[in-house]
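Here's the structure, in structure tokens; my notes come after.
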Amino acid sequence: MGVNGILPRILPSAGRENYDLRSLKDGLIVLSADDDIPSRKRKIPQTREQASKKPAWARRKIRVAIDLNGWISRACHGHGAYLMDERHLSYHGRAILSKQRVENNDSGNVNVGNELSAANYVDDITGELPSAFQQQQQVEYISKCINFLLQRITYLTSECNLQVLLVLDGSTPPIKQIAVSDRRDKRRKAVNERDNECIPRKQADDEDEAIATEKEALSRISASKRAGSGIDPNLRSMLHSQLLSQLRSHSLPFLIAPYEADGQLAYLSNNGVVDAIITEDSDLICLGVKRIIYKLGGWNGANETNRSTQGLKGTLLCRKDLGSARGIDLMDFSDVMLVVMFVSAGCDYCNSLKGIGIVTARDIVAQVFFSQDADVPVLKRVLHELYQMCHKEAREQLLPLEDERKEWARRAYERAFLGAVAMYRHPLVHDPFLGDVIANDVSRECVGRSESVPVSTSFWRDEDLLMEYEPYRNLVLHREALYEIVGRPRAPCMAQKMARGLVDKLNQGEREREVDPAHPTLFDVRNEDHLAEASETVKVVHNTQGDEVDFHQLVQGTVSCLSSSGGLQPSSQEFSVIGRGTQQSKSSSDKTLSSLSPDLLASPSPAKHHVMNN
DNA sequence: CGACGCGCGACTT
DNA sequence: TCGCGCGTCG
């Protein structure tokens with residue numbers, strides 16, 4: 001997930017640690033719907049009439065999207081040991097187990113006397129059904145994981161008074177499929193290791209036995225951990241469906257992204273649907289998300305950050321604070337630069353060239369983007385720098401450029417590289433109104449079409465920069481080419497159903513699940529009547545300092561006007577509406593300009609959506 | 001020699 | 001996931 005060592009280099013200096021989400025519980029002051037004017041105008045002192053015309057504002061809950069998949073893997077990881085018999089953890093239990101093992105082996109049992117791999121027997125090895133005992137174990141495991149998740153979610157909704165939107169991963173995008181199959185092989189190896197390491201152990205001294213068994217147990221635990229991130233597909237789908245039904249019964253809105261959750265989360269955030277994102281994934285950084293909360297609850301014992309006895313603390317990372325990172329200098333880095341850096345340094349979609357890490361990638365990107373001489377497209381220059389800077393071994397396969405025979409190798413890397421960039425820049429996401437769409441669609445088929453989401457000027461500017469390189473340009477201008485990478489949109493009604501989890505994605509959506517239609521699903525939540533609270537007396541501190549109000553300022557007791565951080569905040573109080581005017585990723589330097597941008601005004605912005613907006 | 005990248009082994013809940 | 005030691009490169 002994401003780039004390897006980037007969070008440790010950024011969070012300590014640029015992030016705000018120990019961020020207590022309970023400080024968000026007072027919610028947010030927003031200008032009410034009819035006051036839908038650009039934030040700049042609000043700075044003009046109000047006349048008495050205008051001031052008395054009330055209420056100009058309303059209070060609403062803070063909306064947060066949660067990358068649930070991160071939590072799920074954490075939960076699986078943390079409780080992974082429970083998939084194994086807990087008796088492994090005590091001396092006594094181990095003694096009993098080893099005895100059982102011997103017996104089982106003597107009787108030539110197919111099960112290798114290993115009850116640990118309960119789940120894996122289902123499909124991995126013999127295809128047999130798990131025993132009742134094993135099923136019992138799986139059920140406990142799943143309920144432990146789900147309880148863990150629900151506990152956290154409930155904390156956020158009740159203690160922090162947040163309006164949460166859970167986002168889940170969908171299918172694997174085409175570009176990632178190769179990498180995934182690689183990973184599957186590794187996982188399989190780990191699983192086998194875990195299963196096979198239980199070799200028949202002849203009688204030995206008690207002491208030896210104890211030591212040996214302990215070692216074995218430890219190594220198996222670690223093998224199990226390695227295998228743990230990719231638990232049995234069967235178990236996973238069980239967990240998945242149970243989770244969904246739990247979410248439904250708790251009336252928690254959720255959304256299943258068409259493909260990866262990252263892009264979906266970024267889309268939600270950049271369109272102003274949510275105010276912040278809770279995740280563990282570093283990819284969100286380069287997707288232009290304004291506020292990300294990492295390490296909620298502090299996960300590792302070694303790292304005490306965000307750990308507290310009561311409540312959950314997190315590390316808040318604001319986009320504009322990125323430049324202040326001390327571990328790595330990202331001063332004045334735009335979103336494109338971050339994307340290119342991530343891809344260069346090796347991400348989920350594209351392995352880095354040997355010898356290129358985060359530091360080298362940063363240096364190259366800074367050098368190329370900040371230098372003025374630009375007869376050569378930036379992407380081309382970055383690629384050439386990468387060829388130059390990587391380890392000798394790799395370099396000799398790529399350079400010199402004059403060597404035509406090495407063109408093939410360069411093309412191979414370039415393909416992956418550009419695909420990864422495209423994946424970050426134009427993920428396929430689900431929009432409740434438009435269905436599956438390509439975020440920041442700049443393709444020829446799209447431009448000028450009214451049903452598409454407009455793309456901000458800053459995004460265009462950055463994208464133009466990338467498109468100077470012909471191969472990339474061809475990639476993003478043609479939807480078909482893009483579909484080959486980011487995936488294909490589904491038919492609108494199917495997209496709806498899948499986003500709501502009404503259709504089993506594993507079966508390519510052919511078989512619908514039986515779901516009580518009365519259950520609230522994603523965008524049915526119209527619960528909060530925020531305007532009703534407007535009559536309360538609330539201290540309002542007008543935003544005097546700029547267009548964007550700091551998240552933490554908003555909530556440290558006093559409440560400020562939300563100036564919708566450069567776009568139009570959806571004035572409606574429901575998740576069911578996505579602010580159409582809001583734009584995608586902007587570099588930290590440009591503020592409200594994009595909401596006034598010509599292309600926005602020119603584009604026949606879908607008024608039909610605005611209707612629902614108010 | 002220093003910096004960077006990478007792999008291994010600690011341990012978590 | 002984090003920290004540490006080693007290899008490689010400049």
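Numbered from 1 within each chain, the chains take letters A, B, ... in sequence-line order.
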Output the single nucleotide from [options] whose closest atom is nearest the side chain of [X].
{"X": "A:His391", "options": "B:dC4, C:dC2, C:dT8", "value": "C:dT8"}
{"X": "A:Arg74", "options": "C:dT1, B:dC4, C:dC9", "value": "C:dT1"}
{"X": "A:Pro8", "options": "C:dC9, C:dC2, B:dC4", "value": "C:dC2"}

> Hey, does the side chain of A:Lys295 come within less than 4.0 Å of C:dC2's phosphate (OP1/OP2), counting only N and O?
Replying inline: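 Result: yes.
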> So does A:Thr360 get a side-chain nitrogen or oxygen closer than 4.0 Å to the phosphate oxygens (OP1/OP2) of B:dG5?
Replying inline: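 It does, given that an N or O in the side chain of A:Thr360 lies less than 4.0 Å from OP1 or OP2 of B:dG5.
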Distance, rounded to the nearest Å, where [X] contributes [atom1] and [N] contributes [atom2]:
{"X": "A:Leu11", "N": "C:dT1", "atom1": "CG", "atom2": "P", "value": "13 Å"}
{"X": "A:Met341", "N": "B:dG5", "atom1": "CE", "atom2": "P", "value": "11 Å"}
{"X": "A:Ile6", "N": "B:dC6", "atom1": "CD1", "atom2": "P", "value": "14 Å"}
{"X": "A:Met389", "N": "B:dG5", "atom1": "CE", "atom2": "C1'", "value": "12 Å"}
{"X": "A:Lys354", "N": "B:dC4", "atom1": "NZ", "atom2": "P", "value": "19 Å"}
{"X": "A:Phe148", "N": "B:dT13", "atom1": "CZ", "atom2": "P", "value": "11 Å"}
{"X": "A:Asn4", "N": "B:dC4", "atom1": "CG", "atom2": "C1'", "value": "14 Å"}
{"X": "A:Leu149", "N": "B:dT13", "atom1": "CG", "atom2": "P", "value": "17 Å"}

>> Would you compute the distance between atom OG of A:Ser158 and atom CD1 of A:Ile153 and round it to the nearest 0.5 angstrom?
In response: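 The OG atom of A:Ser158 sits 11.5 Å away from the CD1 atom of A:Ile153.
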> At under 4.0 Å between heavy atoms, what does A:Arg395 touch on the DNA or RNA strands: base, sugar-phosphate, or nothing?
Replying inline: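 Touches sugar-phosphate only.
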Heavy-atom side-chain contact between [X] and [Y] under 4.5 Å:
{"X": "A:Glu159", "Y": "A:Lys25", "result": "no"}
{"X": "A:Leu243", "Y": "A:Leu168", "result": "yes"}
{"X": "A:Arg291", "Y": "A:Leu316", "result": "yes"}

>> Walk me through whether A:Lys354 and A:Glu393 qualify under salt bridge (charged side-chain N to carboxylate O under 4.0 Å, His left out).
In response: CA-CA 8 Å; A:Lys354 282 272 171 280; A:Glu393 187 193 345; over 6 Å; no
> In the structure shown, which nucleotide is the Watson-Crick or G-U wobble counterpart of B:dC11, with both distances under 3.5 Å?
Replying inline: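 B:dC11 is paired with nothing.
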